[in-house]
Asker: 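Structure below; questions to follow.
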Amino acid sequence: MTVRDEDASAPVLARRLARVAGEGSWTLLKNTRVTVVRAGDVVVKAHPPETDETALAARLRLAAGLPGVLLPPASAEVGHVDGRPVTVWPAGEPVDPRDPGAAPWEPAAELLARLHAAPVDGLALPPAGGPARVVRAVALLDGLDAAYAAPVAVIREAFGTLPREVRTAREGTVARTERMDAGTAREGAAPPVTVPSPRSPDGGGPPRAWLTHGDWHLGQIIRYQGEWLLIDVDDLGAGVAAWDLARPAAWYATGLLDPAAWERFLGAYLAAGGSAVPTGDPWRELDVPARALTVQLAATAVAAAGTEGRPLDEVERALVSSCGRITRTAAAQ
């Protein structure tokens with residue numbers, strides 16, 4: 001799927017993406033590092049130019065092989081529009097941000113538990129993108145106006161308290177886990193993944209590596225054909241499962257998520273057999289990822305405010321304040 005348009009007055013990228021989906025009206029859903037449009041029942045996504053296409057193709061195969069957990073792509077191929085890697089997906093119904101009380105915390109937690117139960121040995125998996133996203137967010141602070149120097153300093157100090165492996169994380173390429181079956185050893189092969197019930201013996205205890213989403217939040221779940229499914233495979237891969245719980249954990253620790261919602265989410269995850277955290281002491285595994293996501297969220301928020309030339313709002317100030325607490329806690333230990 002390659003789209004070319006020689007007309008100098010041709011529409012912008014979003015309009016070209018809409019042509020991939022078909023004729024008719026279309027909606028621009030997102031236009032940041034990625035551009036996403038919906039036309040009818042099809043969603044077309046242009047990924048960043050620097051996307052590792054081998055890793056993206058592996059992620060598409062994983063999504064196609066996890067029915068009932070991940071939304072399957074409408075096409076298993078990575079296409080191109082204006083030199084950008086492009087993927088095509090069926091459209092679903094997203095979570096309504098105007099009704100936080102109806103947020104599907106339990107279905108989301110159960111889906112994550114099933115994702116984390118998927119066997120990874122012998123698969124060609126890209127590394128999950130969680131830690132690299134933190135580094136990328138902090139880099140957004142470079143060059144901001146001096147008016148933002150104080151919150152930038154607070155965020156950078158908190159970033160400095162994170163473990164070295166987080167602070168130095170970089171985007172990875174396709175890597176294999178330790179064991180490789182002969183039938184899956186051919187280069188780039190990623191056979192369909194069988195997802196065991198988290199309660200079944202096959203789920204077992206915590207594996208040495210998990211299949212993780214890499215950037216989970218409530219915007220990454222939709223209702224499609226009557227069931228909730230995880231979406232957005234850009235950071236899907238082998239990683240530490242606790243990172244998938246880190247964003248709601250960070251919001252909870254910052255005071256921005258109702259404790260009852262956090263308890264619903266964590267309780268449902270554990271009840272579904274989720275192996276990312278121990279039942280008795282979940283923060284033993286959540287501490288580093290939650291601190292890292294707090295830094296990421298604060299950095300992204302301050303960078304956005306700086307780009308728009310406006311003061312920080314209440315939520316953004318709360319995130320920066322939480323970074324300050326991270327630094328003070330680390331200094332006291």
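Just so you know, residue 1 is the first one in the sequence shown, and it goes up from there. Side chains are part of it too, since the values below use all heavy atoms of this structure and drop only hydrogens, waters and symmetry mates.
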Asker: Between Arg317 and Asp313, does any side-chain N to carboxylate O distance fall below 4.0 Å?
Answerer: no
Asker: Does some side-chain heavy atom of Ile222 sit less than 4.5 Å from a side-chain heavy atom of Glu93?
Answerer: no
Asker: Using the rule given for side chain to side chain contact (heavy atoms under 4.5 Å, CB included), can you reason through Arg284 versus Val277, listing the C-alpha separation, both sets of side-chain angles and the distance that settles it, and then say yes or no?
Answerer: CA-CA 8 Å; Arg284 186 185 72 195; Val277 296; over 6 Å; no
Asker: For the residue pair Trp210 / Ser275, report whether a side-chain donor-acceptor contact shorter than 3.5 Å exists.
Answerer: yes
Asker: Can you classify the ring geometry of Trp105 versus Phe265 as parallel (below 30°), tilted (30 to 60°) or perpendicular (above 60°)?
Answerer: perpendicular
Asker: Are any non-hydrogen side-chain atoms of Val240 and Pro289 less than 4.5 angstrom apart?
Answerer: no
Asker: Do you know the tightest heavy-atom contact between Glu316 and Ala301?
Answerer: CG-CB, 3.4 Å
Asker: Would you say Leu312 and Leu141 are hydrophobically clustered, going by side-chain heavy atoms of ILVMFWY under 4.5 Å?
Answerer: yes
Asker: Would you name the heavy atoms of Ala298 and Cys323 that are closest together and state the gap between them?
Answerer: CB-SG, 3.7 Å
Asker: For the atom pair CD (Glu227) and CG (Leu71), what is the distance rounded to the nearest 0.5 Å?
Answerer: 9.5 Å
Asker: Could you pull out the closest heavy-atom pair between Leu211 and Leu66, with the gap in Å?
Answerer: CD2-CD1, 3.6 Å
Asker: Enter the distance from His217:NE2 to Asp232:CG here, rounded to the nearest 0.5 Å.
Answerer: 7.0 Å
Asker: Are Ile326 and Val288 joined in one hydrophobic group, where the rule is that I, L, V, M, F, W and Y side chains link up if heavy atoms are under 4.5 Å apart?
Answerer: no
Asker: Between Thr32 and Val34, is there a side-chain heavy-atom distance shorter than 4.5 Å?
Answerer: yes
Asker: For Arg167 and Leu162, indicate whether the former's side chain and the latter's backbone hold a donor-acceptor pair under 3.5 Å.
Answerer: yes
Asker: Give a yes or no on this: more than 12 heavy atoms of other residues, nucleotides or ligands lie within 6.0 Å of atom CZ of Arg310.
Answerer: yes
Asker: Search all heavy atoms of Ala299 against all heavy atoms of Ala137 and return the closest pair with its distance.
Answerer: CB-O, 3.6 Å
Asker: At what distance, to the nearest 0.5 angstrom, does CZ of Arg15 lie from CG of Leu17?
Answerer: 11.5 Å
Asker: Salt-bridged, Arg98 to Asp96, with N to O below 4.0 Å?
Answerer: yes
Asker: Taking C-beta and beyond as the side chain, do Leu286 and Trp243 meet within less than 4.5 Å on heavy atoms?
Answerer: no
Asker: So does Ala276 get a backbone contact from the side chain of Tyr269, meaning a donor-acceptor N/O pair under 3.5 Å?
Answerer: yes
Asker: Verify the neighbour count for atom CG of Asp41: are there more than 12 heavy atoms of other residues, nucleotides or ligands below 6.0 Å?
Answerer: no
Asker: About how many Å separate CH2 of Trp26 and CZ of Arg19, when rounded to the nearest 0.5 Å?
Answerer: 10.5 Å
Asker: Test side chain to side chain contact (heavy atoms under 4.5 Å, CB included) on Val295 and Leu293 and set out the steps.
Answerer: CA-CA 5 Å; Val295 169; Leu293 260 292; over 6 Å; no
Asker: Taking the side chain as every heavy atom from C-beta outward, state whether Phe159 and Val134 have any atom pair closer than 4.5 Å.
Answerer: yes
Asker: So which atom in Thr161 and which in Ala158 form the shortest heavy-atom distance, rounded to 0.1 Å?
Answerer: OG1-O, 2.6 Å
Asker: Without swapping roles, check the side chain of Tyr148 against the backbone of Ala305 for a donor-acceptor pair under 3.5 Å.
Answerer: yes
Asker: Can you see whether Asp244 engages His116 through a side-chain donor-acceptor pair at a distance of less than 3.5 angstrom?
Answerer: yes
Asker: According to a hydrophobic-cluster definition based on side-chain heavy atoms being under 4.5 Å apart (Ile, Leu, Val, Met, Phe, Trp, Tyr only), do Leu245 and Leu270 belong together?
Answerer: yes
Asker: Please test Val138 against Leu140 for side chain to side chain contact (heavy atoms under 4.5 Å, CB included), starting from the C-alpha separation and ending with a verdict.
Answerer: CA-CA 5 Å; Val138 173; Leu140 296 174; over 6 Å; no
Asker: Please check: side-chain N/O of Thr212 versus main-chain N/O of Ala128, any donor-acceptor pairing under 3.5 Å?
Answerer: no
Asker: Does any non-hydrogen side-chain atom of Val42 lie less than 4.5 Å from one of Pro90?
Answerer: no
Asker: Taking the side chain as every heavy atom from C-beta outward, state whether Leu56 and Thr87 have any pair of such atoms under 4.5 Å apart.
Answerer: yes
Asker: With a 4.0 Å cut-off on N to O distance, would you call Asp235 and Arg59 a salt bridge?
Answerer: no
Asker: Quick one: do Arg84 and Glu50 make a salt bridge, cutoff under 4.0 Å?
Answerer: no
Asker: Is a side-chain donor or acceptor of Thr254 paired with a backbone partner of Leu256 at a separation under 3.5 angstrom?
Answerer: no
Asker: Quick one: pull up CD1 in Ile221 and CG in Leu230 and give me the separation to the nearest 0.5 Å.
Answerer: 6.0 Å
Asker: Is a side-chain donor or acceptor of His47 paired with a backbone partner of Asp52 at a separation under 3.5 angstrom?
Answerer: no
Asker: Can you confirm whether Gln296 sits close enough to Arg136 that some side-chain heavy atom of one is under 4.5 Å from a side-chain heavy atom of the other?
Answerer: no
Asker: Please work out which of the three classes, parallel, tilted or perpendicular, describes the rings of Trp262 and Tyr252, given edges at 30° and 60°.
Answerer: parallel
Asker: Flag yes if Leu218 and Leu111 sit in one hydrophobic cluster, no otherwise; membership is Ile, Leu, Val, Met, Phe, Trp, Tyr, and two members link when side-chain heavy atoms are under 4.5 Å apart.
Answerer: yes
Asker: State whether the side chain of Thr300 and the backbone N or O of Leu297 hold a donor-acceptor pair below 3.5 Å, judged by distance alone.
Answerer: no
Asker: Measuring from Lys45:NZ to Trp89:CH2, what's the distance to the nearest 0.5 Å?
Answerer: 8.0 Å
Asker: Using every non-hydrogen atom in the two residues, find where Pro282 and Gly280 come nearest and quote the distance to one decimal.
Answerer: CD-C, 3.7 Å
Asker: Are Val135 and Leu144 linked, directly or through intermediate hydrophobic residues, by side-chain heavy-atom contacts shorter than 4.5 Å (ILVMFWY only)?
Answerer: yes
Asker: Under the criterion side chain to side chain contact (heavy atoms under 4.5 Å, CB included), I'd like the reasoning laid out for Val37 against Val20: C-alpha separation, chi angles, the key distance, then a yes or no.
Answerer: CA-CA 10 Å; Val37 303; Val20 174; over 6 Å; no
Asker: Determine yes or no for a side-chain-to-main-chain donor-acceptor pair under 3.5 angstrom, with Thr307 supplying the side chain and Ala303 the backbone.
Answerer: yes
Asker: Given Arg156 and Asp142, is the salt bridge (Lys or Arg N to Asp or Glu O under 4.0 Å) satisfied, shown in steps?
Answerer: CA-CA 11 Å; Arg156 290 195 183 281; Asp142 296 343; 2.5 Å; yes
Asker: Taking side chain to side chain contact (heavy atoms under 4.5 Å, CB included) as the test, write out the residues that go with Arg328, two or more places apart.
Answerer: Arg325
Asker: Is there a donor-acceptor pair under 3.5 Å between the side chain of Asp234 and the backbone N or O of Leu236?
Answerer: no
